[in-house]
S.K.: 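Shown below is the structure under consideration.
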Amino acid sequence: MSIPLTLRPPTPRNERPLTAGLLLAGLPPSVPTVSVDPAVARMLGPARVPASAARADQSGLFVDLDIDPEQLSAVTAPIRYFLDCAAADVPEAIALRTPVPLVLFIEPDATHGLAEAALLAVDAGQSVGLVAGRSGDEIADFLAVLTHSMVGFVLRAADADEVVCLVAATVASMRGDDVRAALAQPSLQGLIDLNDEAATTVREILLGIEVADPASVAQELVQRGLGQLPS
């Protein structure tokens with residue numbers, strides 16, 4: 001007896017580039033309204049603005065929490081509030097009452113490690129930020145907490161090199177691969193070759209990547225192949 005075969009189209013690769021829509025504006029916002037290169041435009045994501053300067057008609061922003069949380073009603077539907085804090089202050093930060101979760105950029109100290117403080121925030125339903133330049137052990141421990149949680153996290157990088165390293169480390173952590181090796185020698189081709197399902201999964205947990213000059217970083221990532229659609 002023959003078994004009928006069901007033919008399906010091949011799984012597409014990166015119908016949407018891995019880092020599409022993830023690059024956030026720094027302070028002050030520097031994302032251009034229109035980009036000449038569509039590939040660069042695809043990389044740019046929401047703006048980041050201070051709560052004290054946000055307007056009621058703005059939405060879909062990342063907002064710096066620079067005012068009393070009780071005054072946040074004027075800001076319409078932000079994605080997350082950003083807050084830099086010391087590790088020792090995380091219990092106080094997660095107790096703040098805000099309309100949407102925070103992204104805590106935590107500065108560890110001698111008695112409070114980054115991963116330990118991040119876990120405390122995650123358990124409270126808050127997101128956490130990871131700043132480039134931490135040691136490989138710190139980043140690996142942080143990602144072990146965040147890549148298997150549901151709260152999401154934000155990367156903060158200075159340039160395209162740091163973006164590639166942190167994204168490669170994120171993918172390695174999600175796969176159970178060696179995060180320290182991915183940081184030391186990130187495989188750009190491995191990131192480019194991620195299938196669409198894997199790239200979508202990365203974007204679901206990675207809320208954004210903050211860089212000072214998103215247009216410039218986007219251009220460099222596109223030149224390296226990360227922002228191009230398959231031909």
S.K.: Looking at every non-hydrogen atom in both residues, tell me the closest pair between Ala93 and Cys85 and how far apart they are.
M.R.: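 That closest heavy-atom pairing would be CB-SG, 4.3 Å.
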S.K.: May I ask you to test the Thr170-Leu143 pair for a side-chain heavy-atom distance under 4.5 Å?
M.R.: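 Result yes, sub-4.5 Å side-chain heavy-atom pair found.
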S.K.: Taking Leu166 as the fixed residue, which of Val131, Asp161, Ile139 is the one that meets the side-chain contact (heavy atoms from CB on, under 4.5 Å) rule?
M.R.: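 Single pass found, and it is Ile139.
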S.K.: Just so I know, are the side chains of Leu226 and Val163 near enough to count as touching, which here means a heavy-atom distance under 4.5 Å?
M.R.: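 A side-chain contact under 4.5 Å is absent here.
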S.K.: Do you know the tightest heavy-atom contact between Tyr81 and Pro99?
M.R.: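 For Tyr81 and Pro99, the tightest heavy-atom pair comes out as CE1-CD, 3.7 Å.
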S.K.: What closest approach, in Å, do Ala87 and Pro91 show between heavy atoms, and which atom pair accounts for it?
M.R.: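 The answer is O-CD, 4.2 Å.
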S.K.: Could you tell me which non-hydrogen atom of Phe142 sits nearest to which non-hydrogen atom of Val128, and how far apart they are?
M.R.: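 Distance-wise, the nearest heavy atoms are CE1-CG1, 3.5 Å.
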S.K.: Answer yes or no: is there a donor N or O on one side and an acceptor on the other, between the side chain of Gln126 and the main chain of Leu102, under 3.5 Å?
M.R.: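 Side chain of Gln126 to backbone of Leu102: a pair is present.
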S.K.: A side-chain contact here means heavy atoms from C-beta on lying under 4.5 Å apart; do Arg156 and Asp84 qualify?
M.R.: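 Answer yes - side chains close enough.
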S.K.: How far does CD of Glu116 sit from CG of Asp141, to the nearest 0.5 angstrom?
M.R.: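 That separation rounds to 11.0 Å.
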S.K.: I'd like to know whether CZ of Arg180 has more than 12 heavy-atom contacts from other residues, nucleotides or ligands below 6.0 angstrom.
M.R.: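 Count over threshold, so yes.
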S.K.: If you compare all heavy atoms of Val211 against all heavy atoms of Pro214, which two are closest, and at what distance to 0.1 Å?
M.R.: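 Heavy atoms of Val211 and Pro214 come nearest at CG2-CA, 3.5 Å.
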S.K.: For the pair Arg203 (side chain) and Pro17 (backbone), establish whether a donor and an acceptor sit closer than 3.5 Å, ignoring hydrogens and angles.
M.R.: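 Confirmed, Arg203 side chain pairs with Pro17 backbone.
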S.K.: Tell me the closest heavy-atom pair linking Ala215 and Val40, and the distance in Å.
M.R.: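 Closest pair (atom of Ala215, atom of Val40, distance): O-CG1, 4.1 Å.
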S.K.: Hey, are the side chains of Phe82 and Leu24 touching, using non-hydrogen atoms and a 4.5 Å cut-off?
M.R.: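 They are in side-chain contact.
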S.K.: Does the Ser173 side chain pair with the main chain of Thr147, one donor and one acceptor, at a distance under 3.5 Å?
M.R.: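 No: the side chain of Ser173 does not pair with the backbone of Thr147.
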S.K.: When rounded to the nearest 0.5 angstrom, what distance separates SG in Cys165 from CG in Leu155?
M.R.: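 The SG atom of Cys165 sits 11.5 Å away from the CG atom of Leu155.
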S.K.: At what distance, to the nearest 0.5 angstrom, does CG of Leu23 lie from CZ of Arg42?
M.R.: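 It comes to 13.0 Å.
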S.K.: Using modelled atom types only, decide if a donor and an acceptor are shared between the side chain of Asp64 and the backbone of Asp66 within a distance under 3.5 Å.
M.R.: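 No: the side chain of Asp64 does not pair with the backbone of Asp66.
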S.K.: Can you check whether Asp89's main-chain N or O pairs, donor with acceptor, with Glu92's side chain at less than 3.5 Å?
M.R.: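 Absent.
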S.K.: Find out whether Val151 and Pro101 are in side-chain contact, i.e. whether some heavy atom of one side chain is under 4.5 Å from a heavy atom of the other.
M.R.: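 SC-SC contact between Val151 and Pro101 ruled out.
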S.K.: Evaluate the side chain to side chain contact (heavy atoms under 4.5 Å, CB included) criterion for residues Val63 and Val100: first the C-alpha distance (whole Å), next the side-chain angles of each, then the deciding distance (0.1 Å), finally the verdict.
M.R.: CA-CA 11 Å; Val63 179; Val100 298; over 6 Å; no
S.K.: Taking the side chain as every heavy atom from C-beta outward, state whether Pro108 and Arg134 have any pair of such atoms under 4.5 Å apart.
M.R.: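 Heavy-atom side-chain distance check passes, below 4.5 Å.
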S.K.: For the residue pair Val167 and Ile209, establish whether any side-chain heavy-atom pair is separated by less than 4.5 Å.
M.R.: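 Yes; the side chains approach each other to less than 4.5 Å.
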S.K.: So, taking the atom named OG1 in Thr19 and the one named CG in Leu191, what distance separates them when rounded to the nearest 0.5 Å?
M.R.: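 It is 9.0 Å, given to the nearest 0.5 Å.
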S.K.: Could you tell me whether a side-chain N or O of Ser135 sits under 3.5 Å from a main-chain N or O of Glu138, the two making a donor and an acceptor?
M.R.: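 Flag set: sc Ser135 to bb Glu138 pair under 3.5 Å.
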S.K.: Roughly how far, to the nearest 0.5 Å, is CD of Glu107 from CG of Leu114?
M.R.: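 Rounded to the nearest 0.5 Å, the CG-CD separation comes to 8.5 Å.
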S.K.: Could you tell me whether the side chain of Phe153 reaches within less than 4.5 Å of the side chain of Val103, counting heavy atoms only?
M.R.: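 They are not in contact (no side-chain heavy atoms under 4.5 Å apart), so the answer is no.
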S.K.: To the nearest 0.5 Å, what is the distance between CD1 (Ile192) and CG (Leu221)?
M.R.: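 Spacing of CD1 (Ile192) from CG (Leu221) equals 10.0 Å.
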S.K.: Is there a donor-acceptor pair closer than 3.5 Å between any side-chain N or O of Thr200 and the backbone N or O of Asp196?
M.R.: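 Yes; at least one donor-acceptor contact below 3.5 Å.
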